[in-house]
Novice: 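Below is the structure I would like to discuss, written out as structure tokens.
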2 protein chains.
Amino acid sequence: MTVKIFSVEDEESLVSLLEYNIKSSGYDFYHAGTAYQGMIDIQKVKPDLILLDWMLPDQPGTEICKFIRSHESLSETPIIMLTAKGEESDLVSGLNIGCDDYLLKPFSPKELIARINALLRRSKNKNKESILEFENIKMNTDTHRVYCCNKEAKLGPREYSILEFLMKKPGRVFTRQQILDSVWGTNVYVSDRTIDVHIRRLRQALSTTEECKVIRTIRSSGYSLDIEA
Amino acid sequence: MTVKIFSVEDEESLVSLLEYNIKSSGYDFYHAGTAYQGMIDIQKVKPDLILLDWMLPDQPGTEICKFIRSHESLSETPIIMLTAKGEESDLVSGLNIGCDDYLLKPFSPKELIARINALLRRSKNKNKESILEFENIKMNTDTHRVYCCNKEAKLGPREYSILEFLMKKPGRVFTRQQILDSVWGTNVYVSDRTIDVHIRRLRQALSTTEECKVIRTIRSSGYSLDIEA
DNA sequence: TTGCAATGTTACATTTTTGTTACATTTCTT
DNA sequence: AAGAAATGTAACAAAAATGTAACATTGCAA
């Protein structure tokens with residue numbers, strides 16, 4: 001079965017780049033140059049994934065986003081927003097508009113394909129929940145993006161894994177050993193103190209703007225995802 | 001308390017290697033040379049963890065696996081399967097049958113011990129009731145939070161452990177020595193009076209708002225979790 | 001290559017916990 | 001009631017746990 005990817009993009013050179021890479025990865029490529037044409041064609045094509053430029057000649061890409069989400073037959077289609085530097089508003093990064101991921105231009109083809117694949121994988125088995133949420137922390141396990149207070153938090157791989165582990169059982173206290181077993185794997189020899197350092201890095205990364213303390217230290221026991229009492 | 005590890009293995013040289021390393025790590029070692037004998041002895045010994053050879057003279061190790069899983073009193077026992085190279089293709093079925101981990105021969109003793117430790121840690125934390133309640137005290141061992149009259153009580157680690165110990169047998173009187181043995185561990189030399197101090201700290205921490213006396217002093221005997229007469 | 005990001009460790013700073021002691025208070029015994 | 005024994009209480013110094021910053025190493029990408 002063919003997988004259809006639809007791009008709404010006015011910049012010629014970018015279109016051919018997209019087309020080349022997407023076709024190379026074995027997907028069908030469809031395209032429109034304006035928001036208006038896009039909304040028309042998307043209904044006909046019924047693509048499996050949509051790439052939207054943030055800036056379009058007639059209307060902003062966000063309008064297409066709203067349009068798609070409000071149409072029953074399309075509303076589940078994953079959307080990736082393409083934005084130029086400087087256009088990154090909290091809207092995009094907070095993913096409040098309803099897109100599933102975004103990419104900052106210029107992006108590497110490798111990254112583009114990786115993110116497309118991640119989203120397609122999810123929508124294939126859509127029964128699986130890919131959004132973890134706790135308090136003001138939001139985590140998308142498909143795109144590996146993390147948001148704290150609607151602002152994106154950039155985590156390293158280890159920090160991400162630790163947070164994901166904690167998010168699966170919010171409030172529950174884990175020993176350093178349990179975190180090690182889960183994140184590093186059982187047959188690895190790593191100092192307990194390493195956890196402390198990564199916890200610090202995680203806390204730091206989550207302190208985007210405001211003070212949002214969500215990782216609790218339980219002295220002589222371990223850590224947990226929880227609000228301080 | 002001793003931890004018992006049972007191995008079903010016919011290869012002599014491997015048995016002595018196992019025995020040496022397992023005993024060195026402070027575990028008791030038990031052994032049978034055939035699947036048949038293994039099934040007999042495992043019921044008697046009731047080990048904490050089982051090592052099964054994939055290939056045995058009379059029956060494949062997977063049979064023992066099934067046998068164990070179908071016996072109420074043994075079904076929670078973690079199992080590690082030992083397989084020679086080339087038998088890996090069947091690994092899938094091995095894991096499906098219900099073993100918890102596997103090791104490819106030849107394996108390093110370090111790796112073996114690491115995995116044993118990991119599985120023992122996991123099974124220890126399993127069947128543990130996470131909510132303890134007595135009168136107006138509520139204790140969640142998952143989150144390590146304690147509530148007294150619906151208000152959170154902040155306890156130090158020692159106080160927490162003592163309370164947890166008392167909560168498991170409400171009303172029962174424990175001597176200072178019993179509390180020491182349980183919370184501090186045996187072979188530790190600490191003054192009896194230390195208990196008194198911690199009991200005071202515990203009482204104080206539990207006096208959140210109102211006077212709620214739940215720790216009773218039994219003169220010349222010890223303490224118990226109980227309402228004052 | 002070079003540079004960069006991620007990682008794990010270490011050393012040091014800071015905070016919290018802990019066990020002991022001395023003294024006060026209560027309870028029991030005579 | 002006095003004295004002895006047991007327990008409550010407060011203060012303190014040592015020890016332990018955790019936070020923090022800096023560093024060496026590694027792997028990877030430009």
Side-chain angles (χ1 to χ4, degrees), chain A residues 106-114 144 146 153-166 173-185 187-207 211 213-224 226 228-229, chain B residues 144 146 153-165 173-185 187-207 211 213-224 226 228-229:
Chain A
F107 47 81
S108 77
K110 222 192 277 184
E111 171 112 21
L112 171 74
I113 298 302
H144 277 219
V146 176
K154 295 244 1 171
L155 310 186
R158 276 270 127 87
E159 284 74 54
Y160 177 88
S161 300
I162 293 174
L163 182 60
E164 183 179 13
F165 176 65
L166 295 178
V173 177
F174 295 99
T175 65
R176 293 175 174 74
Q177 195 55 242
Q178 285 175 309
I179 296 173
L180 270 178
D181 285 351
S182 165
V183 174
W184 274 256
N187 44 3
V188 179
Y189 320 98
V190 170
S191 160
D192 270 11
R193 300 297 271 102
T194 299
I195 300 286
D196 298 290
V197 176
H198 281 289
I199 287 286
R200 160 160 164 76
R201 289 170 180 160
L202 180 51
R203 277 176 173 150
Q204 205 163 286
L206 290 177
S207 298
E211 276 291 306
K213 298 178 183 174
V214 283
I215 297 177
R216 186 164 72 109
T217 303
I218 296 85
R219 216 143 223 271
S220 84
S221 289
Y223 297 97
S224 81
D226 207 339
E228 293 280 341
Chain B
H144 275 227
V146 176
K154 284 214 65 174
L155 311 186
R158 276 269 129 86
E159 285 75 56
Y160 179 91
S161 299
I162 293 174
L163 181 60
E164 183 178 14
F165 175 66
V173 178
F174 294 100
T175 66
R176 292 175 174 74
Q177 195 54 52
Q178 284 176 307
I179 297 173
L180 269 177
D181 287 349
S182 166
V183 174
W184 274 256
N187 62 17
V188 180
Y189 105 97
V190 169
S191 161
D192 269 12
R193 300 298 270 102
T194 299
I195 300 286
D196 298 320
V197 176
H198 280 291
I199 288 287
R200 156 154 168 81
R201 287 170 180 160
L202 180 51
R203 277 174 173 151
Q204 199 163 277
L206 290 178
S207 299
E211 275 293 305
K213 300 177 183 173
V214 283
I215 297 177
R216 190 158 69 103
T217 304
I218 294 87
R219 199 152 233 267
S220 80
S221 291
Y223 297 98
S224 83
D226 207 341
E228 293 280 342

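Below, chain A is the first sequence line, B the second, and so on; all start at residue 1.
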Novice: Just jot down the side chain to side chain donor-acceptor pair (under 3.5 Å) partners of B:Asp192, sequence neighbours excluded, or say none.
Specialist: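 Applying side chain to side chain donor-acceptor pair (under 3.5 Å) to B:Asp192 gives none.
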Novice: Identify all pairs in which a protein N or O lies below 3.5 Å from an N or O of nucleotides 22-27 of chain D, and state each distance.
Specialist:
none

Novice: List in chain and number order the residues that pass side chain to side chain donor-acceptor pair (under 3.5 Å) with B:Arg158, two or more places apart in sequence or in another chain; answer none if no residue qualifies.
Specialist: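 Listed in chain order: nothing, the list is empty.
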Novice: Kindly indicate whether the side chain of A:Asp226, heavy atoms from C-beta on, has any atom under 4.5 Å from the side chain of A:Val214.
Specialist: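 No. Closest side-chain heavy atoms not under 4.5 Å.
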Novice: Just the table, please: protein N/O against nucleotides 16-19 of chain D N/O, every pair under 3.5 Å.
Specialist:
unit_1 : atom_1 : unit_2   : atom_2 : d
D:dA17 : O3'    : A:Ser220 : N      : 3.3
D:dA17 : N3     : A:Arg219 : NH2    : 3.1
D:dT18 : OP1    : A:Ser220 : N      : 2.6
D:dT18 : OP2    : A:Arg176 : NH1    : 3.2
D:dT18 : OP2    : A:Arg176 : NH2    : 3.0
D:dT18 : O5'    : A:Arg176 : NH2    : 3.3
D:dT18 : O4'    : A:Arg219 : NH2    : 3.4
D:dG19 : OP1    : A:Arg203 : NH1    : 2.8
D:dG19 : OP1    : A:Thr217 : OG1    : 2.7
D:dG19 : OP2    : A:Tyr223 : OH     : 2.6
D:dG19 : N7     : A:Arg193 : NH2    : 3.4
D:dG19 : O6     : A:Arg193 : NH2    : 2.5

Novice: What residues, two or more places apart in sequence or in another chain, satisfy salt bridge (charged side-chain N to carboxylate O under 4.0 Å, His left out) together with A:Glu164?
Specialist: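 Here the qualifying residues are A:Lys168.
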Novice: Evaluate the criterion side chain to side chain contact (heavy atoms under 4.5 Å, CB included) for residue pair B:Leu206 and B:Val146; output intermediate values, then yes/no.
Specialist: CA-CA 9 Å; B:Leu206 290 178; B:Val146 176; 4.3 Å; yes
Novice: Heavy atoms only, 4.0 Å cut-off, all strands: where does A:Ser191 land among base, sugar-phosphate and nothing?
Specialist: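 Sugar-phosphate contact only.
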Novice: With a 4.5 Å cut-off on side-chain heavy atoms, are B:Ile179 and B:Gln177 touching?
Specialist: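 No, their side chains stay 4.5 Å or more apart.
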Novice: Compare all side-chain heavy atoms of B:Leu180 with those of B:Val188 and state whether any distance is below 4.5 angstrom.
Specialist: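 No, their side chains stay 4.5 Å or more apart.
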Novice: Quick one: side chain to side chain donor-acceptor pair (under 3.5 Å) partners of A:Arg219, sequence neighbours excluded?
Specialist: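 A:Arg219 satisfies side chain to side chain donor-acceptor pair (under 3.5 Å) with no residue once adjacent residues are dropped.
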Novice: Could you give the start and end, 5' to 3', of the contact zone on DNA chain C for chain A, using atoms under 4.0 Å from its heavy atoms?
Specialist: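 Using the under 4.0 Å cut-off, the span is C:dA6 to C:dT17.
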Novice: Of all residues at least two apart in sequence or in a different chain, which pass the side-chain contact (heavy atoms from CB on, under 4.5 Å) check with A:Asp196?
Specialist: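 Once residues adjacent in sequence are excluded, the partners of A:Asp196 under the side-chain contact (heavy atoms from CB on, under 4.5 Å) criterion are A:Arg176, A:Arg193, A:Tyr223.
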Novice: Run the side-chain contact (heavy atoms from CB on, under 4.5 Å) test against B:Thr194 and tell me which residues pass, sequence neighbours left out.
Specialist: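 Residues passing side-chain contact (heavy atoms from CB on, under 4.5 Å) with B:Thr194: B:Trp184, B:Val190, B:Ser191, B:His198.
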Novice: Grab the N/O contacts between the protein and nucleotides 13-15 of chain D below 3.5 Å, and write none if there aren't any.
Specialist:
none

Novice: Tell me, please, which residues at least two apart from A:Phe165 pass ring-ring contact (aromatic ring centres under 6.0 Å, His included).
Specialist: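 For A:Phe165, the residues satisfying ring-ring contact (aromatic ring centres under 6.0 Å, His included) (neighbours in sequence not counted) are A:Phe174.
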Novice: How would you list, by chain and number, every residue that makes a side-chain contact (heavy atoms from CB on, under 4.5 Å) with A:Ser108, sequence neighbours excluded?
Specialist: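 A:Lys110, A:Glu111.
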